[in-house]
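Let me begin by presenting the structure, written as structure tokens, before commenting on it.
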Amino acid sequence: MAPNFITEIIERDLASGKYAGVVTRFPPEPNGYLHLGHTFASFLDFQTAVQYGGRYHLRLDDTNPEGESQEFAEGIMADLRWMGWDWGDGLFYASDNFERYYGYAEQLIRQGDAYVDSVSGDEMARLRGDAHTPGTPSEYRERGVDENLDLFRRMRAGDFADGAHVLRGRIDLGSANMKLRDPVLYRIKRAWHYRAGDAWCIYPMYDFQHPLQDAIEGVTHSMCSLEFVDNRAIYDWLMERLAFAPRPHQYEFGRRSLEYTIVSKRKLRQLVAGGHVTGWDDPRMPTLRAQQRLGVTPEAVRAFASQIGVSRTNRTVDIAVYENAVRDDLNHRAPRVMAVLDPVRVTLENLEEARTLQIPYWPHDVIEASSDGLVALPGGERVAPEQAVRDVPLTRELFIEREDFSADPPRGYKRLTPGGTVRLRGAGIIRADDFETDDSGNVTHVHATLLEDGARAGGVIHWASAAHAIPAEFRLYDRLFRVANPEGQNPDDIAPEFDPEQPGHAELSEDSGPLDTGFLRYLNPGSLRVTRGFVEGSVANDPPDTRYQFERQGYFWRDPVDSRGDAPVYGRIITLKDAWAQTQKAESGKPKGEGKKQKAETTPVAVSGAQPVLTPGQEAEVTRLTDLGASEGDARTVARDETLLTFLADAAPGDTFAQVASWTVNDLATLLRAGEVKVRAADLAPLAGLLAFGKVTSRVARDALARAAASGEAPAALIEREGLNSGLDEAELGRIVAEVLEKHPAEVEAYQSGKTALLGFFTGQIMRATKGKAEPGRVSGVLKAALDAD
RNA sequence: AGGGAUAUGGUGUAAUGGCAGCACAACAGAUUUUGGAUCUGUUUGUCCAGGUUCGAAUCCUGGUAUCCCUGCCA
């Protein structure tokens, strides 16, 4: 986990002793399967705890019986364990604590912090008001404690129908934060809970239950996504009213979505239910179980999760980052073998007798990168590179890839052509002497000659012996959607031409309603291509979960569901990068271009220089302040802000006023509004005087101002006490400059070889070394002289 | 419209007043018995307008854009 704003908070909390250790939790609701979107959140929760030597919990957040099940709970656990997580005894079910939540609810009632409301849902929504109008109390808001307690107990006892009453927090109906307008804490809902059965007919709401559960578990840092920012106010209110100490705190991070992927549970369900995929584990799905079946390893998923950063903005990650993580993992894991996916027969006319070749499993670069000098056999055993080979028969009858022979090759084609040569991987060079085609012109047979050593060829192709290779089905997966953002509008999208051979297309057109099925129209009709071909015989004895690189094709493994011993099915985990396809596409690509979006186009020109309109009273203040010497801009800012106005009221009039006003606006405004400024404006005049007379640099003055604001000490006294007005003579400055240069020889060299931007770096170092006492004007002169002299 | 959050290359993320860096992508070259991998290099960026400062991605003011909130879901 790279450093981020949450690790920063944790380090501060640990350093200050706020918590003895870190405790986090990942709280999925067991009403669906985990998908790639969850890996980010779970990784953040778990890995952060690991990183700080803390604990992480898995919490099944099962407070809404609808849709939740043990099957989902177990699926979630299995997927997380597959990812390599071990929460030890840190497994919690929210439903195990229903009784405790209930107790806290009664406590809130007794404290007058919660009440039973008895209006309908519609009425409650109406009374809540909207963004412009504050909420109005329902007629039940002022019920007494005893009545509330009685009603709430009877709610639990099942005396009332669903929806007849709710328990609400009594917070603030007028709050601009809608979440605070007396949120519902409990509702009556007669539903069978997969763990609690029918023990309860009231269930707690997220806003009530989640903070309590965090506190009960002893969680310290409770991470959730950005849409819960407003809910934090309830979280803090609850912690305060129920006096938890030490208490957990909620921090929000931005979600990460992935290009070409949807993660909405409802839409995923539509894909399964509509038969657009074969199930939740269809290798094209973004669910973890699907990625698992695809053959992606947990290490790759974790690498991906660690590579996408953490921030407070919702972002969409480039699919290439995921693909890179998958390839990078497989490159060092998957032995190389050969398979022909779309075969064309080749006869080596001059090969009389079959040969057995020993071809290495690994390319030279993977061998060289091995840390112990050994490499793995498909079974996992690590052996010397020369032993990491398999037997491959070279026979008179072979198969090669249909794409690897061309009677009419495009420019730059490096494979087999009539009369041309190519190297058969590991077997030597052949020349195509002749070829046959069928009625439609498809090549059916190539007649070739195996050439002597010393022959030359421009390219290398893979192959398989017709007599020994194993027939197999290949499933070539591609992105499920044709567009990066299937849930968006995609006005530039061009629907693919109708192709009756592609399953899914017909359903797609009859199924596409105007509403939520819109994303279905972006389904990629070619997301699954099935071919029949041959894989070299050596794979027969390998473990069934071996991931291979089929050379020049991509990474594959045996489909764990559909593959049979006598009918193997190989699924493509991911393609190899294909520079040739790139150039091909570029050649044929119309100059239409992608139309890079220009920022200037998307951002309308801002109306600049617009000044907010001031009231006559504020205008009068502006005049008064400018008369006192303040700049127009500062005056306008101050006049509009009561806090700044009040602060500035006791500033001394005179020459120093303008400076004090400027500091007020530019340096103190934010602190002032937060009520964190301890110094008085009256104490600022002497500081401004020191600055005006050149006794201190502006840097020293601002530092002193900041410290004074925090401590309340008069800044001028502070400067006096620390001798910051002592000035800096030429000799001392020269000495410090020399010291700084000596400490940073690499930077000096870089500067002298032309990187003049480093002047700012040196200036900063010198300012720091002199505590700001050096005058920047002099520094630059001395510095340049010293650097040039060196 | 009220409240809240956010804004750095194509994408994601660093820089906490002092060198705009890293990863992925793209492009070029080297290398290569995988058009893979590897290595080297290159292109592209601080939302806009003002202000403070010797110096601003960072501080101040104003604006713009995007997202979230008005479930008895989580």
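It should be emphasised that the depicted structure is a prediction, and the values quoted were computed from it without experimental measurement. Because only heavy atoms are used, hydrogens play no part in the values below, and waters and symmetry mates are left out as well, while side chains stay in. All chains are named by letter (A, B, ...) in the order of the sequence lines, taking the proteins before the strands, and each is independently numbered beginning at 1.
The CD-P distance, from A:E401 to B:rG36, rounds to 17 Å in whole Å. A:Y322 places its OH atom 18 Å from the C1' atom of B:rA23, with the value rounded to the nearest Å. Atom CZ of A:R425 and atom C1' of B:rU33 are 5 Å apart (whole Å). To the nearest angstrom, P of B:rU11 lies 18 Å from CD of A:Q307. Atom CZ of A:F253 is separated from atom P of B:rU6 by 15 Å (rounded to the nearest Å). One can place CD1 of A:I367 at 12 Å from P of B:rU34, the figure rounded to the nearest angstrom. Between A:L758 atom CG and B:rA15 atom P there is a gap of 20 Å when expressed in whole angstrom units. Put simply, CG on A:N666 is 12 Å from P on B:rG51, counting in whole angstrom units.
Closest to the side chain of A:N331, from the set B:rA37, B:rA7, B:rA5, is B:rA37. Each of B:rG35, B:rU52, B:rG62 was ranked by its minimum atom distance to the side chain of A:R640; first place goes to B:rG62. Checking B:rC24, B:rG36, B:rA5 against the side-chain heavy atoms of A:V229 singles out B:rA5 as nearest. Closest to the A:D365 side chain, of the nucleotides B:rU34, B:rG36, B:rG35, is B:rG36. Comparing B:rU13, B:rC19, B:rG35 against the side chain of A:F761 picks out B:rC19 as the nearest. Comparing atom distances between the A:A320 side chain and each of B:rA25, B:rU53, B:rU6 picks out B:rA25 as nearest. Side-chain proximity of A:A579 to the nucleotides B:rC24, B:rG36, B:rC54 is greatest for B:rG36.
Within the 4.0 angstrom heavy-atom criterion, base atoms lie near A:G412.
Shown here, B:rG17 forms no base pair; nothing in the strands shown gives a Watson-Crick or G-U wobble contact with both key distances under 3.5 Å. Across all strands shown, nothing is found opposite B:rU44 as a Watson-Crick or G-U wobble partner with both distances under 3.5 Å. Nucleotide B:rU61 has B:rA49 as its partner under the Watson-Crick or G-U criteria, with both atom distances under 3.5 Å. For B:rA5, the paired nucleotide is B:rU66, the pair qualifying as Watson-Crick or G-U wobble because both relevant distances are below 3.5 Å. Base pairing analysis places B:rC73 opposite nothing; no Watson-Crick or G-U wobble pair with both distances below 3.5 Å involves it. The partner of B:rG12 is B:rC22, judged by Watson-Crick or G-U wobble contacts that both fall below 3.5 Å. The partner of B:rG36, taking Watson-Crick or G-U wobble pairs whose two distances both stay under 3.5 Å, does not exist in any strand shown. The base-pairing partner of B:rG55, taking Watson-Crick or G-U wobble contacts with both distances under 3.5 Å, does not exist among the strands shown.
In terms of position along RNA chain B, the nucleotide closest to A:G309 lies nearer the 5' end than the nucleotide closest to the other residue of the pair A:D634 and A:G309. Along RNA chain B, the nucleotide closest to A:R336 and the one closest to A:S662 are compared, and the more 5′ of them pairs with A:R336.
For A:R181, no side-chain nitrogen or oxygen approaches OP1 or OP2 of B:rG3 to under 4.0 Å. Between B:rA7 and A:R315, no contact under 4.0 Å exists linking OP1 or OP2 to a side-chain N or O. Residue A:R312 places at least one side-chain N or O under 4.0 Å from the OP1 or OP2 atom of B:rU6. Contact annotation: A:S311 reaches the phosphate of B:rU13 (side-chain N/O to OP1 or OP2, under 4.0 Å). For A:K577 and B:rG35, the shortest distance from a side-chain N or O to OP1 or OP2 is not below 4.0 Å. Between A:Q765 and B:rG18, a side-chain N or O to OP1/OP2 separation shorter than 4.0 Å is absent. The shortest distance between the side-chain N/O atoms of A:R552 and the OP1/OP2 oxygens of B:rG35 is below 4.0 Å. For B:rG35, neither phosphate oxygen OP1 nor OP2 lies less than 4.0 angstrom from any side-chain nitrogen or oxygen of A:T583.
Atom C1' of B:rU13 sits at a distance of 15 Å from the matching atom of B:rU6, rounded to the whole Å. B:rA23 and B:rG3: their C1' atoms are spaced 37 Å apart (whole Å). B:rA56 and B:rA37 are spaced 42 Å apart, taking the P atom of each and rounding to whole Å. Look at the C1' atom in both B:rU32 and B:rU40: the space between them is 15 Å, to the nearest Å. Taking the P atom of each, B:rC22 and B:rA30 are spaced 24 Å apart, rounded to whole Å. Straight-line distance between the C1' atoms of B:rU44 and B:rA25: roughly 11 Å, to the nearest whole Å. Of the C1' atoms belonging to B:rG9 and B:rG45, the separation is 4 Å, rounded to the nearest Å. Separating the C1' atom of B:rA28 from that of B:rG12 is a span of 25 Å, rounded to the nearest Å.
A salt bridge between A:K179 and A:D230 is absent, with no side-chain N of the basic residue lying under 4.0 Å from a carboxylate O of the acidic one. Remark: A:R126 does not engage A:D122 in a salt bridge, criterion side-chain N to carboxylate O under 4.0 Å.
To the nearest 0.5 angstrom, A:E252 atom CD is 11.5 Å from A:M223 atom CE.
A ring-centre distance under 6.0 Å is found for A:Y186 and A:F208. Aromatic ring centres of A:Y322 and A:F304: separated by under 6.0 Å. Ring-centre distance between A:Y235 and A:F228: not below the 6.0 Å cut-off. A ring-centre distance under 6.0 Å is not found for A:H165 and A:Y140.
Considering only residues two or more places apart in sequence or on other chains, A:E401 meets the side chain to side chain contact (heavy atoms under 4.5 Å, CB included) condition with A:V340, A:L341, A:D342, A:D404, A:H462, A:Q553.
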Tell me, with the steps shown, if A:D703 and A:K771 meet salt bridge (Lys or Arg N to Asp or Glu O under 4.0 Å).
-> CA-CA 9 Å; A:D703 286 351; A:K771 291 189 187 156; over 6 Å; no

Worked verdict on A:D130 versus A:T133 for side chain to side chain contact (heavy atoms under 4.5 Å, CB included) = CA-CA 5 Å; A:D130 59 28; A:T133 46; 2.9 Å; yes

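Contact annotation: side chain of A:R699 to base of B:rG18, donor-acceptor pair present below 3.5 Å. No N or O donor and acceptor, one from the side chain of A:R327 and one from the base of B:rG36, sit under 3.5 Å apart. One cannot find a donor-acceptor pair under 3.5 Å joining the base of B:rU11 and the side-chain atoms of A:E259. Taking only distance into account, the side chain of A:R423 meets the base of B:rU33 through a donor-acceptor pair shorter than 3.5 Å.
Syn is the conformation of B:rG71, whose glycosidic angle sits no further than 90° from 0.
Contact between A:V696 and A:L691 at its shortest, heavy atoms only, is O-CD1, 3.6 Å.
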What string of B, S and - do you get for nucleotides 67-74 of chain B 5' to 3' if you count protein non-hydrogen atoms under 4.0 Å?
-> SSSBSBSB

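Aromatic ring orientation, A:F550 versus A:Y548: parallel (interplanar angle below 30°, classes split at 30° and 60°).
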